[in-house]
Amino acid sequence: MESGKVALIHTEVPSEFSGQGIASRLAQGTFELLRKTGRKAILKCPFMSRFFAKHPEDADVVDG
């Protein structure tokens with residue numbers, strides 16, 4: 001938590017599962033959970049930032 005928001009600092013999937021879309025599903029689920037709980041995220045994780053750039057529809061839960 002940072003300034004009342006959830007700081008997303010790192011996303012990691014074991015290398016044997018790389019390229020299977022697991023991190024994208026994790027990101028999508030995280031944004032859905034934030035939305036359901038009324039929280040906002042600060043994106044510090046490079047993957048989450050790239051995911052958000054491709055999914056601007058999640059702007060309602062991103063604050064930084």
Stepwise side-chain contact (heavy atoms from CB on, under 4.5 Å) test for Val61 and Lys40: CA-CA 5 Å; Val61 296; Lys40 297 224 179 229; 5.6 Å; no
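Here Ser18 pairs with nothing under the side chain to side chain contact (heavy atoms under 4.5 Å, CB included) rule; sequence neighbours left out. A search for side chain to side chain contact (heavy atoms under 4.5 Å, CB included) contacts involving Ser49 returns Leu43, not counting sequence neighbours.
Residue pairs that meet the salt bridge (Lys or Arg N to Asp or Glu O under 4.0 Å) test with at least one member in residues 12-31, sequence neighbours left out, do not exist here. Judged as a side chain to side chain donor-acceptor pair (under 3.5 Å), the pairs with a partner in residues 53-64 (not counting sequence neighbours) are, in order, Lys5-Asp63, Arg35-Asp58, Arg35-Asp60, His55-Glu57.
If you take CZ on Phe51 and CG on Leu8, they are separated by 11.5 Å, rounding to the nearest 0.5 Å. With rounding to the nearest 0.5 Å, the separation of CZ in Phe31 from CD in Gln28 is 10.0 Å.
Cluster note: Val13 groups with Phe17, Ile22 through ILVMFWY side-chain heavy atoms spaced under 4.5 Å, whether in direct contact or through intervening members.
Within the 4.5 Å cutoff, the side chain of Ile42 has heavy atoms near those of the Lys44 side chain. Val62 places none of its side-chain heavy atoms less than 4.5 Å from the side chain of Met48.
In terms of heavy atoms, Cys45 sits closest to His10 at CB-N, 3.7 Å.
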